[in-house]
Amino acid sequence: MTAEVRPLCKPAEYKSDIKPVWCPGCGDYHVLMSFTRAFAELGLPPEQIAVISGIGCSSRIPAYTSCYGFHGVHGRSLALAAGLKVARSDLTVVVASGDGDGYSIGGNHFIHACRRNIDMTYVVMDNHIYGMTKGQPSPTTEPEFDTALSPGGTGLRPFHPLVIALASGANFVARAFSGNPNETASIIVEAIRHPGFSFIEILSPCVTFRPDEKAWKDLVHPAPVEATNDPGKASRRIMTDDGFNIGILYRGDRRPYQLHMGQASAELAELEREFET
Amino acid sequence: MLKQIEGSHAMAEGIALCRPEVICAYPITPQTHIVERLGEMVRTGELKNCEFINVESEFTALSVAIGASAAGARAYTATASQGLLFMAEAVYNAAGLGLPVVMTIGNRAIGAPINIWNDHSDAMSMSDAGWMQLFAETNQEAVDLHIQAFRLAEELSMPTMVCVDGFILTHAVERVDVPEQAEVDDYLPAYEPVQVLDPNDPISIGAMVGPDAFTEVRFLQHYKQTLALRLISEFAGEFKKQFGRDSGGLLRTYKIDDAEVLVVAMGSVNGTIKDTIDEMRADGIRIGLVTLVAFRPFPVEALRKVLVGPKHVVVIEKSLAVGMGGQLALHVDLALRNVAGAPQVHSVVAGLGGRPITRPSLHRLFRRALVQPWEGTHFLDLNEEVIAKELHYVRKVRRSGPTAENLLRRLRTGAQKPAAD
């Protein structure tokens, strides 16, 4: 590890000089803090990390770090990250998204990124609202939440990202709360260390359009049981919990996506031999 | 009723008067206020018999509208910029299937680089998809064009976009006369679909068409748009009779009779241009304006009639075909193709990504058309210093990095630093 031959960075050194434009009190400030603490704990130099995002409040995070960043188009961060990781497998890839970006337009990519199980960490800052466009319902918004864009409430069952991740093959599943940045940082560290596709759902309140979410800090509690490697068991637990269980909920042992560089030509040579005989 | 009202809300009230039966909504700046106001009207009961559906993407929004329209409902949606590009496949689909969806475009630039401000790149990118496209100059016209758009779309069974400048119109509060329901009902008949779900004659929409008929299907789409050239004028005329004001039509002219320079433009910038023209006329410069309302169908004949005569035509547009130049200018060239004594056309790209188009800049530009006319594409108010530095840097350093970030850094640090720093 290069980290052993050069002085380790302090958390502050993973921050850029760009001042965040999030609203005062936004949970995403703490997520940024958790990012920088996790990177410092891992001892990764900033240039060994790529932070990839889509569109939305959460997706501003790459510019606020001193790592490589990519602010992509709406919902496509996971696909972008896949391209980056296969081209530069030596980099630690962290993908940042929100419930609007990641679960609506990005929903399809989410499922297939879990299936593909490329070694990367997907962090979704979930505030159950579209914040950047000023308060429209997202896939995780409660059915009765009444907005101009959902008169009388959406009436829709909220998206259940953790269970969908498990069903689709994610190799590490955790839930965190932005208000506990140290705990979140240690979950991010574990997620990055775990091989394959790691998914962390961070409850990150939007105090502007969902002031009711200020109550989350009193609702969250540690998950009562240790993480399992059984996706069925993990799914059942998550389906029946109160939505505020914090911690690592599943650690899988699926083999991560392997890069197949050079393999295609070998197969072609075999094919040619077959035709020669 | 006269109201002091935000553009988006006025449009929403105008759309509600058209009695849409299905509205598909997804937020994207600067269009969101339109669908939000419609949602509120559904909640309060001001808009009845309307299914308002909040969806998970723009692609879904237009796809749901297509499904609703195919089933015989009057369907509406709205989007902008990236949202329009995301729904591109469905945009072509609605047109190819001949479904008269009406969609508002809150005109906004397209990334990268990310930009939420106004220009016409989004609408121009979809101009060949088979939709009719009408551009509003004011919020009054934006309201009126929606009412005309439903009539036009349904008469021809062909989808129509109403293009309104993001922020400049959508977010501006100005005086708008929002019509009465009875007047709109008189003007816009109940929707009579050309295709419905008929239990006595079930058909499957979306046929695969091979080389034997594909050209003919496309030709008929094109033919219908040529019919629209007549209908757009006709419906604007009837609109004037019903509501007492000029709105819509193919194009409008301003002080063109004795003009030696004519300006051609679309959208809200026409107001600034008219003010500039008034000032220049006070200085004795004979200059006039042609405001294009219809971009699809493109009114070649109508434009030719007004453009032949003066020596110079300056085409100002808020979009750029990279590698070619001004798209609207190219269209104006088409109107003047094979015309004896045609004026010289001077192309100007202005207002990209929300850059203000100011009267002082327009003054300089129009005077230049008289004394120093140019070939090719002129970029209004281009920061040549920043460009020269970036070009120099790119030549010198192979790994020069992302252009947008370089320019921003250069603008932040001021222009004092040497090039290739």
Side-chain angles (χ1 to χ4, degrees), chain A residues 16-19 21 53-57 59-60 62-63 68-76 80 98-111 129-159 209, chain B residues 8-9 12 23-48 50-61 77-87 106 108 110-116 171 401-402 404-405 408-409 412-413:
Chain A
S16 75
D17 54 2
I18 300 174
K19 199 170 169 284
V21 294
S53 72
I55 294 291
C57 298
S59 291
R60 304 191 67 99
Y68 286 122
F70 196 123
H71 193 184
V73 298
H74 198 199
R76 313 294 167 200
L80 273 171
D99 45 312
D101 180 68
Y103 302 150
S104 54
I105 289 182
N108 191 33
H109 295 301
F110 176 43
I111 293 168
I129 198 86
Y130 282 85
M132 189 169 267
T133 50
K134 299 185 173 60
Q136 296 81 19
S138 84
T140 49
T141 303
E142 305 84 320
E144 62 277 5
F145 192 72
D146 195 354
T147 73
L149 223 58
S150 54
T154 63
L156 304 180
R157 179 193 170 93
F159 195 75
F209 298 107
Chain B
S8 293
H9 294 172
I23 293 175
C24 315
Y26 186 77
I28 182 168
T29 306
Q31 152 284 142
T32 309
H33 291 185
I34 303 173
V35 280
E36 283 189 328
R37 177 75 186 105
L38 283 164
E40 275 168 11
M41 292 168 86
V42 169
R43 190 209 324 255
T44 59
E46 291 165 84
L47 175 52
K48 290 187 183 67
C50 177
E51 192 59 39
F52 186 91
I53 174 164
N54 174 227
V55 293
E56 73 280 8
S57 77
E58 289 91 356
F59 203 128
T60 318
T77 189
T79 192
S81 182
Q82 313 294 130
L84 180 62
L85 264 64
F86 184 31
M87 60 166 71
R108 169 184 147 182
I110 291 168
I114 299 170
N115 179 299
I116 63 165
H171 287 54
E405 283 70 13
L408 287 179
R409 202 176 305 129
R412 258 205 305 273
T413 53

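Chain letters run A, B, ... following the sequence lines, proteins first and then strands; every chain starts at 1.
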Which is it for B:Thr32 and A:Gln136 under the side-chain contact (heavy atoms from CB on, under 4.5 Å) test, yes or no, and what are the steps along the way? CA-CA 10 Å; B:Thr32 309; A:Gln136 296 81 19; 3.4 Å; yes
Are any non-hydrogen side-chain atoms of A:Leu149 and B:Tyr26 less than 4.5 angstrom apart? no
So NZ of A:Lys134 and OG1 of B:Thr29: to nearest 0.5 Å the spacing works out to 6.0 Å
Residue A:Phe209 excluded, over 12 heavy atoms near CZ under 6.0 Å: yes
Atom group of B:Gln82 that falls short of 4.5 Å from chain A, counting heavy atoms: side chain
Test item: B:Ile28 and A:Thr133 side chains (from C-beta on) under 4.5 Å apart, heavy atoms: no
Looking at B:Glu405, I'd like to know if its CD atom is crowded, meaning that more than 12 non-hydrogen atoms belonging to other residues, nucleotides or ligands lie closer than 6.0 Å. yes
Closest non-hydrogen atom pair between B:Glu36 and A:Ala148, with its separation: O-CB, 3.4 Å
With heavy-atom distances below 4.5 Å as the criterion, would you say the side chains of A:Ile105 and B:Glu58 are in contact? yes
Quick check on B:Phe59 against chain A: is it the side chain, the backbone, both or neither that has a heavy atom closer than 4.5 Å? neither
Would A:His71 and B:Ile114 count as a side-chain contact (heavy atoms from CB on, under 4.5 Å) here? Give the steps. CA-CA 9 Å; A:His71 193 184; B:Ile114 299 170; 3.5 Å; yes
What option among B:Ala112, B:Gly83, B:Pro402, B:Pro27 has the most heavy-atom pairs under 4.5 Å with chain A? B:Pro27
Taking all non-hydrogen atoms of both residues into account, name the closest pair between B:Glu56 and A:Tyr130 and its distance. O-OH, 4.4 Å
Less than 4.5 Å to any heavy atom of chain B: does that hold for the side chain of A:Thr147, its backbone, both, or neither? backbone
